[in-house]
Amino acid sequence: DLLLFIKDANLCNFADGNTLYVCDMHIETIVTQLQANLSAILKWFKVNSLVANPKKFQFMILGYSSRYKLCLDVDGKNVVETDHVKLPGLLIDKKINFDIHIDFLCLKAHRNVNALSRVIKGYDNSNARLLVNTFFLSTWKYASLLWMFSGKVANTKIEKVHKRALSLLSNEADYHKLLEANSMVSI
(Lines give C-alpha, C1' and ligand atoms only; values in the text may rest on other atoms or scores of the structure.)
Protein backbone atom coordinates (compact mmCIF):
# COMPACT_ATOMS: atom_id res chain seq x y z
CA ASP A 1 0.00 0.00 0.00
CA LEU A 2 3.05 2.30 -0.16
CA LEU A 3 1.97 3.50 -3.61
CA LEU A 4 -1.22 4.93 -2.08
CA PHE A 5 0.85 7.41 -0.02
CA ILE A 6 2.53 8.97 -3.07
CA LYS A 7 1.04 12.22 -4.42
CA ASP A 8 2.34 14.18 -7.43
CA ALA A 9 5.20 11.72 -7.99
CA ASN A 10 5.85 8.21 -9.28
CA LEU A 11 7.40 5.26 -7.52
CA CYS A 12 9.12 2.23 -9.03
CA ASN A 13 9.70 -0.79 -6.82
CA PHE A 14 12.35 -3.42 -7.49
CA ALA A 15 13.02 -6.09 -4.87
CA ASP A 16 13.75 -4.11 -1.70
CA GLY A 17 14.54 -0.84 -3.50
CA ASN A 18 12.30 2.08 -4.38
CA THR A 19 12.87 4.80 -6.94
CA LEU A 20 10.85 7.97 -6.53
CA TYR A 21 10.72 10.32 -9.50
CA VAL A 22 9.03 13.57 -10.49
CA CYS A 23 8.76 15.30 -13.86
CA ASP A 24 8.19 19.04 -14.15
CA MET A 25 9.55 22.09 -15.97
CA HIS A 26 10.36 23.96 -12.73
CA ILE A 27 13.16 22.81 -10.43
CA GLU A 28 11.44 24.28 -7.37
CA THR A 29 8.36 22.12 -8.03
CA ILE A 30 10.50 19.01 -8.50
CA VAL A 31 12.42 19.51 -5.26
CA THR A 32 9.24 20.34 -3.30
CA GLN A 33 7.39 17.28 -4.63
CA LEU A 34 10.37 14.99 -4.05
CA GLN A 35 10.77 16.22 -0.48
CA ALA A 36 7.04 15.94 0.32
CA ASN A 37 6.77 12.43 -1.10
CA LEU A 38 10.01 11.36 0.51
CA SER A 39 8.61 12.47 3.87
CA ALA A 40 5.42 10.47 3.19
CA ILE A 41 7.47 7.38 2.33
CA LEU A 42 9.59 7.72 5.48
CA LYS A 43 6.40 8.08 7.55
CA TRP A 44 5.00 4.92 5.88
CA PHE A 45 8.23 3.09 6.72
CA LYS A 46 7.93 4.04 10.40
CA VAL A 47 4.23 3.07 10.59
CA ASN A 48 5.12 -0.32 9.08
CA SER A 49 8.10 -0.87 11.40
CA LEU A 50 10.65 -0.53 8.60
CA VAL A 51 13.90 1.41 8.78
CA ALA A 52 15.22 3.44 5.85
CA ASN A 53 18.97 3.66 5.42
CA PRO A 54 19.83 7.29 4.54
CA LYS A 55 23.28 6.17 3.32
CA LYS A 56 21.59 4.37 0.44
CA PHE A 57 19.54 7.36 -0.67
CA GLN A 58 20.68 9.03 -3.87
CA PHE A 59 19.21 11.44 -6.38
CA MET A 60 19.98 13.35 -9.52
CA ILE A 61 18.18 15.94 -11.58
CA LEU A 62 18.08 15.46 -15.36
CA GLY A 63 17.95 18.40 -17.77
CA TYR A 64 19.07 20.94 -15.17
CA SER A 65 22.50 22.32 -14.50
CA SER A 66 23.54 24.60 -11.71
CA ARG A 67 26.70 25.64 -9.91
CA TYR A 68 25.06 24.46 -6.70
CA LYS A 69 24.21 20.93 -5.64
CA LEU A 70 20.65 20.42 -4.46
CA CYS A 71 19.89 18.56 -1.22
CA LEU A 72 16.99 16.56 0.16
CA ASP A 73 16.36 16.01 3.86
CA VAL A 74 16.14 12.35 4.89
CA ASP A 75 15.29 12.18 8.57
CA GLY A 76 17.60 15.08 9.40
CA LYS A 77 20.43 13.97 7.09
CA ASN A 78 21.17 15.80 3.85
CA VAL A 79 21.29 13.76 0.66
CA VAL A 80 23.23 15.73 -1.95
CA GLU A 81 22.44 15.55 -5.64
CA THR A 82 24.85 13.35 -7.64
CA ASP A 83 25.89 13.10 -11.27
CA HIS A 84 24.86 9.43 -11.42
CA VAL A 85 22.74 6.94 -9.52
CA LYS A 86 23.15 3.22 -9.08
CA LEU A 87 20.06 1.11 -9.64
CA PRO A 88 20.00 -2.70 -9.50
CA GLY A 89 22.32 -3.73 -12.32
CA LEU A 90 22.59 -0.29 -13.91
CA LEU A 91 24.46 2.98 -13.40
CA ILE A 92 22.68 5.96 -14.92
CA ASP A 93 24.42 9.31 -15.32
CA LYS A 94 22.95 12.78 -15.81
CA LYS A 95 23.67 12.79 -19.53
CA ILE A 96 22.15 9.32 -19.98
CA ASN A 97 25.12 8.28 -22.12
CA PHE A 98 25.99 5.26 -19.91
CA ASP A 99 29.76 5.95 -19.97
CA ILE A 100 30.01 5.31 -16.22
CA HIS A 101 28.02 2.09 -16.58
CA ILE A 102 30.18 0.83 -19.44
CA ASP A 103 33.37 1.65 -17.51
CA PHE A 104 31.98 -0.33 -14.56
CA LEU A 105 31.11 -3.29 -16.83
CA CYS A 106 34.57 -3.22 -18.44
CA LEU A 107 36.19 -3.30 -15.00
CA LYS A 108 33.97 -6.23 -14.00
CA ALA A 109 34.73 -8.06 -17.26
CA HIS A 110 38.49 -7.44 -16.85
CA ARG A 111 38.31 -8.99 -13.39
CA ASN A 112 36.47 -12.00 -14.79
CA VAL A 113 39.07 -12.37 -17.55
CA ASN A 114 41.86 -12.18 -14.94
CA ALA A 115 40.21 -14.93 -12.93
CA LEU A 116 39.71 -17.04 -16.06
CA SER A 117 43.32 -16.61 -17.14
CA ARG A 118 44.45 -18.28 -13.92
CA VAL A 119 42.30 -21.41 -14.34
CA ILE A 120 41.56 -21.85 -18.04
CA LYS A 121 44.71 -23.76 -18.96
CA GLY A 122 43.37 -26.86 -17.21
CA TYR A 123 40.32 -27.12 -19.50
CA ASP A 124 39.89 -28.52 -23.00
CA ASN A 125 38.92 -26.09 -25.77
CA SER A 126 35.12 -26.61 -25.63
CA ASN A 127 34.97 -26.22 -21.84
CA ALA A 128 37.32 -23.23 -21.99
CA ARG A 129 35.01 -21.60 -24.58
CA LEU A 130 32.03 -22.32 -22.32
CA LEU A 131 33.80 -20.66 -19.37
CA VAL A 132 34.71 -17.59 -21.41
CA ASN A 133 31.16 -17.26 -22.70
CA THR A 134 29.66 -17.74 -19.25
CA PHE A 135 31.91 -15.34 -17.38
CA PHE A 136 32.39 -12.73 -20.06
CA LEU A 137 29.06 -12.59 -21.85
CA SER A 138 27.03 -12.68 -18.64
CA THR A 139 28.54 -9.31 -17.75
CA TRP A 140 27.11 -7.71 -20.89
CA LYS A 141 23.65 -9.22 -21.23
CA TYR A 142 21.74 -7.49 -18.41
CA ALA A 143 19.92 -4.34 -19.62
CA SER A 144 22.06 -4.19 -22.77
CA LEU A 145 19.26 -2.60 -24.81
CA LEU A 146 19.59 0.50 -22.65
CA TRP A 147 23.28 1.16 -23.28
CA MET A 148 24.19 -0.71 -26.47
CA PHE A 149 24.06 2.36 -28.72
CA SER A 150 26.46 4.37 -26.57
CA GLY A 151 28.97 5.25 -29.25
CA LYS A 152 32.33 4.40 -30.76
CA VAL A 153 34.48 5.08 -27.67
CA ALA A 154 32.33 2.81 -25.50
CA ASN A 155 32.27 0.09 -28.17
CA THR A 156 36.06 0.25 -28.45
CA LYS A 157 36.40 -0.30 -24.69
CA ILE A 158 34.02 -3.27 -24.83
CA GLU A 159 35.76 -4.81 -27.84
CA LYS A 160 39.15 -4.44 -26.15
CA VAL A 161 38.10 -6.51 -23.14
CA HIS A 162 36.21 -8.94 -25.40
CA LYS A 163 39.36 -9.48 -27.46
CA ARG A 164 41.29 -10.11 -24.26
CA ALA A 165 38.73 -12.74 -23.19
CA LEU A 166 38.78 -14.47 -26.57
CA SER A 167 42.58 -14.43 -26.66
CA LEU A 168 42.48 -16.88 -23.74
CA LEU A 169 41.16 -19.43 -26.25
CA SER A 170 43.72 -18.80 -28.99
CA ASN A 171 47.04 -17.12 -29.71
CA GLU A 172 45.43 -15.15 -32.54
CA ALA A 173 46.01 -11.39 -32.29
CA ASP A 174 43.36 -10.16 -34.75
CA TYR A 175 40.00 -9.48 -33.07
CA HIS A 176 37.91 -10.29 -36.15
CA LYS A 177 39.70 -13.61 -36.63
CA LEU A 178 39.13 -14.42 -32.96
CA LEU A 179 35.42 -13.73 -33.42
CA GLU A 180 35.28 -15.88 -36.52
CA ALA A 181 37.22 -18.75 -34.93
CA ASN A 182 34.79 -18.78 -32.01
CA SER A 183 31.64 -18.34 -34.14
CA MET A 184 30.86 -15.05 -32.42
CA VAL A 185 29.99 -11.51 -33.34
CA SER A 186 31.22 -8.35 -31.67
CA ILE A 187 29.40 -7.29 -28.54
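For this chain, numbers begin at 1 and follow the sequence in order. Values reported hereafter were calculated over all heavy atoms of this structure, with side chains retained and with hydrogens, waters and symmetry mates removed.
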Report whether [X] and [Y] are members of the same hydrophobic cluster (ILVMFWY, side-chain heavy atoms less than 4.5 Å apart, transitive linking).
{"X": "L38", "Y": "L50", "value": "yes"}
{"X": "L91", "Y": "V153", "value": "no"}
{"X": "L87", "Y": "L105", "value": "yes"}
{"X": "V22", "Y": "V80", "value": "no"}
{"X": "Y123", "Y": "L116", "value": "yes"}

How far does [atom1] of [X] sit from [atom2] of [Y], to the nearest 0.5 angstrom?
{"X": "I120", "Y": "L168", "atom1": "CD1", "atom2": "CG", "value": "5.0 Å"}
{"X": "I30", "Y": "D8", "atom1": "CD1", "atom2": "CG", "value": "12.5 Å"}
{"X": "N37", "Y": "S39", "atom1": "CG", "atom2": "OG", "value": "8.5 Å"}
{"X": "I92", "Y": "H101", "atom1": "CD1", "atom2": "NE2", "value": "9.0 Å"}
{"X": "N13", "Y": "L11", "atom1": "CG", "atom2": "CG", "value": "4.5 Å"}
{"X": "K77", "Y": "N53", "atom1": "NZ", "atom2": "CG", "value": "9.0 Å"}

Answer yes or no: is there a side-chain heavy-atom contact under 4.5 Å between [X] and [Y]?
{"X": "F59", "Y": "V85", "value": "no"}
{"X": "V79", "Y": "C71", "value": "no"}
{"X": "N97", "Y": "I102", "value": "no"}
{"X": "L3", "Y": "F5", "value": "no"}
{"X": "I41", "Y": "L2", "value": "yes"}
{"X": "N155", "Y": "H162", "value": "no"}
{"X": "F45", "Y": "N18", "value": "yes"}

Next item on the list: Give the intermediate values and the outcome of side chain to side chain contact (heavy atoms under 4.5 Å, CB included) for residues L70 and I61.
Entry: CA-CA 9 Å; L70 300 172; I61 306 287; 3.9 Å; yes
Check: Does any N or O in the side chain of H84 come within less than 3.5 Å of the main-chain N or O of D93, such that one atom is a donor and the other an acceptor?
Finding: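 It does not hold such a pair.
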Check: Where the side chain of S117 meets the backbone of N114, is there a donor-acceptor pair that is under 3.5 Å apart?
Finding: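 Checked: pair present.
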Margin query: Would L166 and K177 count as a side chain to side chain contact (heavy atoms under 4.5 Å, CB included) here? Give the steps.
Written below: CA-CA 10 Å; L166 291 176; K177 288 181 182 176; over 6 Å; no
Distance-only donor-acceptor pairs under 3.5 Å for side chains of residues 129-137, two or more places apart:
| from | atom 1 | to | atom 2 | distance (Å) |
| --- | --- | --- | --- | --- |
| R129 | NE | N182 | OD1 | 2.9 |
| R129 | NH2 | N182 | OD1 | 3.0 |
| N133 | ND2 | R129 | O | 3.4 |
| T134 | OG1 | L130 | O | 2.7 |

Margin query: More than 12 heavy atoms of other residues, nucleotides or ligands under 6.0 Å from CD of E159: yes or no?
Written below: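 Yes, because the 6.0 Å sphere around CD of E159 holds more than 12 heavy atoms from other groups.
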Check: Would one find more than 12 heavy atoms of other residues, nucleotides or ligands at under 6.0 Å from atom NZ of K157?
Finding: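 Count over threshold, so yes.
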Salt bridge or not between [X] and [Y]? Use side-chain N to carboxylate O under 4.0 Å.
{"X": "K69", "Y": "D83", "value": "yes"}
{"X": "K46", "Y": "D75", "value": "yes"}
{"X": "E81", "Y": "K94", "value": "yes"}

Note to self: Could you tell me if K160 sits above the aromatic ring of Y175, with its cationic atom closer than 6.0 Å to the ring centre and no more than 45 degrees from the axis?
What the structure shows: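 That pair does not qualify as a cation-pi contact.
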Check: What residues form a side-chain hydrogen bond (donor to acceptor under 3.5 Å, both in side chains) with W44, not counting sequence neighbours?
Finding: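 By the side-chain hydrogen bond (donor to acceptor under 3.5 Å, both in side chains) rule, W44 matches D1.
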Checklist line | Stepwise side chain to side chain contact (heavy atoms under 4.5 Å, CB included) test for K163 and L178 | finding: CA-CA 7 Å; K163 177 183 176 183; L178 281 168; 3.9 Å; yes
Margin query: Is it true that N112 and T139 share a donor-acceptor pair across their side chains at a distance under 3.5 Å?
Written below: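 Yes, a side-chain donor-acceptor pair sits under 3.5 Å.
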Next item on the list: Determine the minimum heavy-atom distance between V161 and C106, stating which atoms define it.
Entry: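 The answer is CG2-O, 4.2 Å.
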Next item on the list: Decide yes or no on side chain to side chain contact (heavy atoms under 4.5 Å, CB included) for Q35 and D73, but give the supporting numbers first.
Entry: CA-CA 7 Å; Q35 188 63 64; D73 177 43; 3.8 Å; yes
